[in-house]
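One structure is given here, and the rest of the page talks about it.
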Protein chains: 4
Amino acid sequence: MSFAEGNVSSTAPARSREDTRRRLVEAGTALFAAEGLHAVTSARIARSAGVATGTFYLHFKDKQELFREIVFTVLSELRERQDRASGGHEDGSRAFLRARTEELLAFAEDRRDLIRVVFGRGGESATIGEEVMDAIVPGLERAFDSRLAQGELAREVLPAIAAQAVAAMTTRVLAWWVEDPSRASREEVTQTLLALHPSRPQR
Amino acid sequence: MSFAEGNVSSTAPARSREDTRRRLVEAGTALFAAEGLHAVTSARIARSAGVATGTFYLHFKDKQELFREIVFTVLSELRERQDRASGGHEDGSRAFLRARTEELLAFAEDRRDLIRVVFGRGGESATIGEEVMDAIVPGLERAFDSRLAQGELAREVLPAIAAQAVAAMTTRVLAWWVEDPSRASREEVTQTLLALHPSRPQR
Amino acid sequence: MSFAEGNVSSTAPARSREDTRRRLVEAGTALFAAEGLHAVTSARIARSAGVATGTFYLHFKDKQELFREIVFTVLSELRERQDRASGGHEDGSRAFLRARTEELLAFAEDRRDLIRVVFGRGGESATIGEEVMDAIVPGLERAFDSRLAQGELAREVLPAIAAQAVAAMTTRVLAWWVEDPSRASREEVTQTLLALHPSRPQR
Amino acid sequence: MSFAEGNVSSTAPARSREDTRRRLVEAGTALFAAEGLHAVTSARIARSAGVATGTFYLHFKDKQELFREIVFTVLSELRERQDRASGGHEDGSRAFLRARTEELLAFAEDRRDLIRVVFGRGGESATIGEEVMDAIVPGLERAFDSRLAQGELAREVLPAIAAQAVAAMTTRVLAWWVEDPSRASREEVTQTLLALHPSRPQR
DNA sequence: AATGAATGAGGGTTCATTCAT
DNA sequence: TATGAATGAACCCTCATTCAT
């Protein structure tokens with residue numbers, strides 16, 4: 001057993017392990033997007049990933065864990081992309097909001113399946129639905145807090161409520177749109193979402 | 001009150017059957033509100049209603065049917081109450097909207113359990129969640145259509161999207177609020193919802 | 001309460017009771033013929049007879065009892081008709097056999113439903129199937145015994161076996177025929193059954 | 001015997017799976033023979049095979065599938081044995097028939113349980129009973145067709161009916177005999193069955 | 001690390017039968 | 001006698017998870 005061989009035998013399985021994991025994530029994403037958390041069994045995910053049933057549990061504690069992983073990977077990737085997209089603009093400005101919204105919709109167009117899993121079917125697991133909200137809402141709430149302080153928000157708006165409202169509105173519109181993108185152009189969705197965004201007092 | 005009248009309104013067995021049904025609906029409502037559609041079994045609902053497992057199926061084809069019945073009874077009762085409350089006001093006017101929103105919140109305060117079942121956990125069943133949306137969205141969409149025509153809505157707003165957005169926003173805020181009504185006063189919720197309602201073009 | 005009234009009130013229910021029973025038998029016959037013993041519930045029979053579920057059990061101990069009653073009523077009626085039909089002929093003669101077979105087929109044509117219940121689906125209940133055989137076989141066996149003694153049967157034929165064979169052959173052909181009477185004319189069935197009837201040694 | 005050969009014929013897990021399946025088939029056969037299709041539950045078969053309930057469904061879609069498998073395995077094995085036994089004789093000849101009948105009875109003596117399942121209780125499932133007939137009858141009908149053409153059958157015999165009759169007669173006698181083989185010797189059964197077989201015109 | 005057969009608790013549902021009215 | 005709501009045991013089947021290989 002040469003040094004090289006040893007290397008090969010210790011890295012090849014490592015690569016293979018990651019590969020297996022990725023295959024499971026991909027199979028799970030496709031199935032969850034198409035049928036939802038409850039309708040999909042861990043055995044089917046494994047089969048669809050081309051591995052044995054038991055292999056699933058070498059990579060994930062249970063079905064929820066895979067689901068959760070998909071959901072939070074998406075959320076963090078999405079946030080990263082939005083942060084990058086809105087990087088050049090002043091926090092909370094129109095341009096900032098537009099950049100983030102456009103990036104959101106670009107992502108949704110690219111990865112309809114992921115949006116379906118996270119926002120379309122997330123409600124299937126009460127726990128995870130709550131966690132998704134917890135991942136989205138606090139940032140929004142802080143934003144509304146500061147906009148309220150700067151007088152850029154109607155005084156009667158409670159940031160905590162507005163944050164819930166905007167999170168729900170955005171995720172719902174997204175889910176609705178990816179279900180059938182011909183329902184509206186990307187620009188129409190963008191403009192409507194921006195128009196509905198809470199802003200300075202009216203009248 | 002004649003003898004005939006008494007007979008007509010309800011025979012003895014009929015009263016008993018209706019009573020059992022009502023007990024099942026109540027037990028189901030409480031359990032669905034607390035744990036959601038999936039976590040509750042028909043056997044538990046029956047036991048909690050003080051009847052045998054089989055009795056459940058004398059009254060409902062299956063668990064979904066009871067769930068659906070609860071959901072759509074609530075929706076129609078709610079709509080009725082809102083219609084009554086907004087009866088005196090011009091369609092789509094501020095006063096109209098305020099009256100409907102106040103009635104919605106009054107209902108939510110009265111029947112937190114029902115709101116939880118319908119809006120908090122409704123998403124658990126993709127089918128029913130979709131149907132709930134279908135019961136709410138078209139009316140909103142028509143309202144936005146006519147408001148757009150009257151120039152009372154920013155021109156860039158697409159009614160179909162706005163309807164999805166407002167439905168999601170409202171139901172989410174409601175669910176969030178009934179989860180812990182101390183989070184905000186009824187008036188704060190009312191004002192925030194009204195402030196977030198899409199309206200005439202800004203700027 | 002006059003004498004007449006008393007009479008009415010005591011005989012009317014009596015008539016009604018018999019009527020109810022007859023309705024149950026008829027409903028049961030139709031349903032058993034169409035779907036078999038297992039596929040039919042006592043509640044459905046009652047409903048189809050226009051009475052309440054519980055009423056079924058005022059007339060029959062259980063579903064089997066109704067089934068059994070139908071089966072054995074048919075068997076005894078059939079035997080009576082065959083006896084009457086073959087009355088003028090010498091026991092075991094060709095004419096005797098032909099008369100009985102013709103009567104059997106006439107009955108089958110009249111009452112396809114009954115034949116289906118008794119011979120088509122009888123096998124569904126092992127117990128009753130056995131009893132049907134026990135009702136048919138001994139008579140046949142005695143007949144073969146005497147025909148054997150008279151040299152009208154091949155010597156190598158064991159009456160006990162021949163009786164089983166003829167009972168099975170006849171009931172099966174009957175069931176097959178009533179399932180679709182266009183499969184063969186009544187005369188063809190008669191002639192074939194008679195031709196297959198064990199008789200004097202050949203060759 | 002190379003290493004490869006051993007591998008090909010059966011891997012360790014494969015052997016185990018087949019073994020479980022065989023145990024289920026054997027347990028099912030014994031139970032179906034003793035109590036019939038309806039009286040036996042899949043859970044009991046599993047328990048009797050020494051495996052868990054769920055294991056049953058790893059091997060068979062449902063109870064019917066196991067039943068069907070037993071029935072049609074028997075029928076095809078039986079046919080094979082009969083074909084082999086009658087191989088040397090001219091089709092439809094006396095010797096041919098005798099060889100097939102003797103093989104049938106030898107099989108019945110060997111595997112009373114199987115005969116009970118297939119012919120004794122087969123009627124319990126209308127569907128399967130029909131299929132069993134469909135597996136037996138067409139061959140008989142063809143045989144009678146050609147015998148009729150050759151004048152070896154009474155002209156008044158309709159082959160389609162005779163086929164039904166002979167199938168029923170044979171299976172019934174078989175079932176009756178295996179229920180208690182002391183009722184008749186194998187030779188007596190053989191001779192009676194042969195004597196009852198439709199043949200050339202009499203008189 | 002991967003396999004895949006096995007597990008068994010538990011869910012949904014049916015239905016023969018009872019019994020208070 | 002009739003009613004029909006109620007009963008509850010029992011069945012079929014699924015599937016998340018384990019474990020010997």
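Just so it is clear: chains get the letters A, B, ... in the order the sequence lines come, proteins before strands, and each one is counted from 1. The analysis underlying the following values was restricted to heavy atoms, covering all of them including side chains, and did not include hydrogens, waters or symmetry mates.
Using a 4.0 Å cut-off, no side-chain N or O of A:His59 falls inside it from OP1 or OP2 of E:dA1.
Stem analysis of DNA chain E (at least three stacked-register Watson-Crick or G-U pairs, each with both distances under 3.5 Å) gives E:2-21 with F:2-21.
In this structure the side chain of A:Ser42 reaches within 4.5 angstrom of the side chain of A:Tyr57, judged on heavy atoms. The shortest distance between side-chain heavy atoms of D:Val117 and D:Val74 does not fall below 4.5 Å. The shortest side-chain heavy-atom distance between D:Phe119 and D:Leu75 falls under the 4.5 Å cut-off.
Legend: residues meeting side chain to side chain donor-acceptor pair (under 3.5 Å) with C:Thr29, ordered by chain and number and at least two apart, are absent. For C:Glu26, the salt bridge (Lys or Arg N to Asp or Glu O under 4.0 Å) test picks out no residue, with sequence neighbours left out.
Out of F:dG8, E:dA5, F:dG4, the shortest distance to the side chain of D:Arg17 is found at E:dA5. The side chain of A:Val51 lies closest to E:dT3, out of E:dA6, E:dT7, E:dT3.
Note: CG (B:Asp19) to C1' (E:dT21) measures 16 Å, nearest angstrom. Atom P of nucleotide E:dG12 and atom CZ of B:Phe67 are separated by 14 Å, given to the nearest angstrom. In this structure, CZ of C:Arg47 is placed 13 Å from P of E:dT14, rounded to the nearest angstrom. Taking atom CG of residue C:Leu66 and atom C1' of nucleotide E:dA16, one finds them 14 Å apart after rounding to whole Å. The interatomic distance linking C:Arg44 (CZ) with F:dG4 (P) rounds to 19 Å, in whole Å. When the P atom of E:dA6 is taken as reference, atom CZ of D:Phe60 falls 11 Å away, rounded to whole Å. Rounding to whole angstrom units, CZ of residue C:Arg22 and P of F:dT1 are separated by 16 Å. The CD atom of C:Glu18 sits 11 Å away from the P atom of F:dA2 (whole-angstrom rounding).
Partner B:Leu114 forms a side chain to side chain contact (heavy atoms under 4.5 Å, CB included) with one of B:Ile70, B:Thr73, B:Val71 and no other, that one being B:Ile70.
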Original post:
Taking protein heavy atoms under 4.0 Å as touching, what does nucleotides 10-17 of chain F look like 5' to 3' if B marks base contact, S marks sugar-phosphate-only contact and - marks none?
Top reply: -SSBBSSB
Under 3.5 Å, sequence neighbours excluded: what are the donor-acceptor pairs made by side chains of residues 44-56 of chain D?
unit_1	atom_1	unit_2	atom_2	d
D:Arg44	NH1	D:Glu35	OE1	3.0
D:Arg44	NH1	D:Ala39	O	3.3
D:Arg44	NH2	D:Glu35	OE1	3.4
D:Arg44	NH2	D:Glu35	OE2	2.7
D:Thr55	OG1	D:Ala52	O	3.4

For residues 61-69 of chain A, which side-chain N or O atoms pair as donor and acceptor with protein atoms under 3.5 Å away, sequence neighbours left out?
unit_1	atom_1	unit_2	atom_2	d
A:Asp62	OD1	A:Gln64	N	3.3
A:Asp62	OD1	A:Glu65	N	3.0
A:Lys63	NZ	A:Leu37	O	3.2
A:Lys63	NZ	A:Val40	O	2.9
A:Glu65	OE2	A:Lys61	N	3.3
A:Arg68	NH1	A:Glu131	OE1	2.7
A:Arg68	NH1	A:Glu131	OE2	2.3
A:Glu69	OE1	A:Arg21	NH2	2.3
A:Glu69	OE2	A:Arg21	NH2	3.1

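Using a cutoff of 4.0 Å between basic side-chain nitrogens and carboxylate oxygens, A:Asp19 and A:Arg22 are scored as salt-bridged.
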